[in-house]
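Notes for the one structure printed next.
Proteins come first, then strands; the chains are lettered A, B, ... in the order of their sequence lines, and each starts at number 1.
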Amino acid sequence: MAMCFRLGVTVPALVLLTCAAMGFGIPRGLASGVAFIVNSSSASISVIDMTSRREVRRIPALREPHHLVLSPDGKSLLVGDTVGNQIMFLDPATGAVQRRVTVSDPYHLAFSPNGKLLVVNGLARNQVDVYDAAAMTLIKRFAVDSTPSHLDFSPDSRFAFVSLQGSGKLAAFDLKELTLRWTEPVGPAPAGVIWWRDKVMVAIMGADYVVVADPATGKVVHRIVTGKGAHTLFLAPDKKIMWVNNRASGTTVSLDAETLKTIRVYNIPGGPDDIDFAPDGTLWITRRFAEKVAILHPDTGDFETIGVGRSPHGLWLNPAAPRP
Amino acid sequence: MDDPFDLIAGWLHETVLIPALYAMGLMRWEDLAHGWVLFAVYGGVQVALTLAVCLPLERWRPVERWADQRAVGVDIFYTILSRVGVLPLVTFVLFYKVQVAMNGWIVDHGWIPPTLEHAIPALIGHSVATFVLYAAILDCVDYWRHRISHRFRWWWALHSLHHAQRQMTFWSDDRNHVLDDLIALVWFGAIALLIGVPPLQFPLLVLVLRFIESLSHANARVWFGVVGERLVVSPRFHRAHHGIRAAGRRSCNYGAVLPWWDMLFGTANFSRAYVQTGDPSGEEALATGTWLAQQRAGLRRLWRTLGRLVRQV
C-alpha cells in the first residue's frame, strides 16, 4: 500500500482498480481521453468522455460530415462535410473549431504518409482531388468512373489507391507524376482500402470477401471470405490483427494479419462501419443504423454501447487528451 | 435520446433493404438507400399525422359535401407516391448520373455552392435558426415558381392538373404532373447552387411544413383569425388560390406556407369567402381521370399549348 502512495496512486483510483480487477461491474481497463464520433445525418460530432463513456457534447457541423483524419503534425483533426462543402479543423484534444476551409464534397480524406499531400474523394461528383497539405491548395483533380469511396497510400507516398464503388474498380494514382496509373476491376461495390505488406486489400461490399491486389498492376491475387457486405478494413495498432466490418451480415471479423485467416467472428448489429482502437484493447465501432457506438471486448465478444447521433460514421480516439 | 423513427428506419434498412440490395447486386446504393428509408418512414408519419388531424376537421366543418368521392381516391394515390418517396426515388435514380456530372462540371468551373452560413457566419452552430431562415427563403422562391407557373401558358398546361380538382381535400397537395414536379426540382436545384441546401437533420420540422401545406388544401371551414391569416397559410387563404375564378393568370395567394410573399408582392386575397375550386378550362380527365389519365391529359394540354405558341411565332 505504501508503495502505491509513493507512486502517486490515489485511494479512489486504487479502489476502482481493485474493484475492476475483481470484476465488480466496473468497466475493465478504464481509459482516459476523448472520442470524436461523426454523426452524418445529425450534422454533428459527438464528443465522448472515454472514462465515463458518456457523450459530453456535440460539435455542430454544417450538413453531412462523414470521415475525419488527424493532420500530420497532430495539431488538427480534419472533418469532411460533404453536403456542406467544407473541411472543419478541430483541436484534437478539446474539439474546439480552429478553422474552416471550403472544399467541394469531401467524403473520404487522408494524408500521404510523408504528410505532404491530402487526397480527398468527391463521392458525389466523381472526382479525386490532390491538395498540398500545408497550403491546402489544389494540385490536381482526377475525374473517375465512378463514386470514389475510400483510399489509402503506399508507404513511400508515391501512390494513392481509391475504390470506385460505382464501377467495381480500384484506381491507382501516381502522386509523383500526378497521373492515373491504372484502374482495375476488383469486385462489386468496393469500399474500404488498406495497404498491407506490399499489397492492397479492398473490402468488397457487393460480395462476401476482401480482395488482395497487386499494387503494381491492380490484378486481384487473392480473395478472403469475411462475410456479406465486406465494408471496411482496419489494422490493429500491434499489426497482428486485421479487422473487417461486414455491412450486410452485421459482423466484425478478426483476421490473422500474418496469414489472413479468420480468427473470430463477432455479431455487431446495426451496420458496423468505422473502427478505432483504445489502449485498453477494446475496439470502438460506429453502428450506422442504430445511433450507437459499440465498444467491443475482443476477448469475450461482449460489447457496450454509447448513444450518439444519427448515422454515426467516422470516429477517432484521443486517449492522451484530458477528460472533456 | 434515440429518435424512434430513425431506429425504425435503421431496422428496416438492416433487415429488409440491405438483404434485398445485396441479393440484387445493388450494394453500391446501400448508403444512399439508408436516407431513402428515413424519407419513407417520415413520409408515412406525415401522412398519418395529416390524416389524424385533417380528416376529423373535414368531417366537422366541411366546405362542401360530395356523394361520390372517387376523385379524392386519385389524390390519395398522389400523396402516397410522393410522401413515401416513390416518385422522388424514381426521379433520383433517373437523374443521378446527370446530377453527379453537373456537380463535377460546376466544381471544375470554380464554383462550390456556398451555404447561408458562409454569408452569415453568426448562423454557424445555430442549426434550427438556419433551418428556419432557409425555410423562409425557399418559401419565397417557391412563391415565384408557383406564380410564374400560372403566368406562362405552357407551364400552366401542366400545373392546371393541380387546379383541376373540384373535390379539393388535404390529399390534394401532391396532385401534380410529373413534369411540373421535375421543373420544381430543377428550380430548387438552381437555388441550391446559390445558397446550398438547408440543414438536413430536422425531419420533424420538415414534417410540420408539409403538414401546413396539406392542411391548406383541406375541405374545411378553417381560418386562423385576422392576425393568424397573415402569419401562416390557412385552408381558407389557399382555397382562394384554387377558386374557379382564380384559375390561370388571374390567381392570388400563391404562398405555400407563409402568406408574406403575397402581401409583399400584391397578390394576397384575405376575403373570408370559401369558394368553389376547379379549372373549367381543362378537360374532364384532368379532374376525374385515373392517375395515368390525368398525366396524359396534362401532356395533351401541354402539346396543344406548345402547338399554338409555335403557330403564333
Note to self: Are the side chains of B/V93 and B/W29 in contact, using a 4.5 Å heavy-atom criterion?
What the structure shows: no
Counting heavy-atom pairs under 4.5 angstrom with chain B, the leader among A/S44, A/A61, A/A43, A/A124 is A/A124
Contacts of A/T251 meeting side-chain contact (heavy atoms from CB on, under 4.5 Å) (sequence neighbours excluded), chain-then-number -> A/N246, A/S249, A/V253, A/V265, A/N267
Whatever's closer than 4.5 Å to a heavy atom in chain A on B/D31 counts as side chain
Of the listed A/E64, A/Q86, A/R141, the one with the largest count of heavy-atom pairs under 4.5 Å with chain B is A/R141
Salt bridge check, A/D81 against A/R63: does any charged N sit closer than 4.0 Å to a carboxylate O? no
Residues 185-202 of chain B side chain polar contacts: donor-acceptor under 3.5 Å, at least two apart:
residue: B/W187; atom: NE1; partner: B/V141; partner atom: O; Å: 3.2

- A/K140 charged N/C atom sitting above A/F142 aromatic ring, 6.0 Å / 45°: yes
Expected contact set for residues 119-130 of chain B against chain A at heavy-atom separation under 4.5 Å reads B/I124, B/G125, B/T130
**Item:** Close side-chain approach of A/V119 and A/D129, heavy atoms under 4.5 Å
**Value:** no
ask   = Taking 4.0 angstrom as the limit, do A/E184 and A/K169 come out as a salt bridge?
value = no
- Do B/W144 and B/Y254 have ring centroids that are under 6.0 Å from one another? no
Find out whether A/R287 and A/T305 are in side-chain contact, i.e. whether some heavy atom of one side chain is under 4.5 Å from a heavy atom of the other.
yes
Original post:
Within a strict 4.5 Å, meaning less than it, do heavy atoms of the A/T137 and A/Y131 side chains meet?
Top reply: no
When the 4.5 angstrom heavy-atom criterion is applied to A/R310 and chain B, the contacting part is both
Practice prompt. Indicate yes or no: does A/R54 engage A/D49 in a salt bridge with an N to O separation below 4.0 Å.
Written response: no
If one checks every heavy atom of A/T147 against chain B at 4.5 Å, the contacting part turns out to be side chain
Looking only at B/I18, B/T115, B/D6, the option with the highest number of non-hydrogen pairs under 4.5 Å against chain A is B/D6
Of A/G307, A/G309, A/G229, A/P188, the largest count of non-hydrogen pairs under 4.5 angstrom with chain B goes to A/G229
Residue from A/P60, A/G250, A/A189, A/G166 scoring the most non-hydrogen pairs under 4.5 Å with chain B is A/G166
- Message: Checking A/N39 against A/S46: is there a side-chain donor and acceptor pair closer than 3.5 Å?
- Response: yes
Filtered by a 4.5 Å non-hydrogen cutoff, the part of residues 35-54 of chain B contacting chain A is B/L38, B/Y42
Query - B/H146-B/H159 side chain donor-acceptor pair, cut-off 3.5 Å - result: yes
So, the part of A/P269 with a heavy atom under 4.5 Å from chain B: the answer is both
Honestly, the part of A/E55 sitting under 4.5 Å from a heavy atom of chain B is neither
Turns out that what part of A/Q165 lies under 4.5 Å from chain B's heavy atoms comes down to both
If one checks every heavy atom of A/R100 against chain B at 4.5 Å, the contacting part turns out to be side chain
The interface call for A/A290 against chain B, heavy-atom contacts under 4.5 Å, is backbone
Donor on one side chain, acceptor on other, A/H66 and A/S40, under 3.5 Å
yes
Under 4.5 Å to a heavy atom of chain B? For A/D105 that would be neither
Does a donor on one side chain and an acceptor on the other come within less than 3.5 Å for A/D274 and A/T286? no
Answer yes when B/D75 and B/R175 have at least one side-chain N-carboxylate O distance shorter than 4.0 Å, and no when they do not.
yes
Does the ring center of A/F161 lie less than 6.0 Å from the ring center of A/F173? no
Checked A/L62, A/L123, A/I59 vs chain B; the most non-hydrogen pairs under 4.5 Å come from A/L62
key: Donor + acceptor pair across side chains of B/E213, B/H238 (<3.5 Å)   = no
In terms of heavy-atom pairs under 4.5 Å with chain A, the winner among B/L21, B/N103, B/V100 is B/V100
Checked B/G25, B/P114, B/P19, B/P113 vs chain A; the most non-hydrogen pairs under 4.5 Å come from B/P113
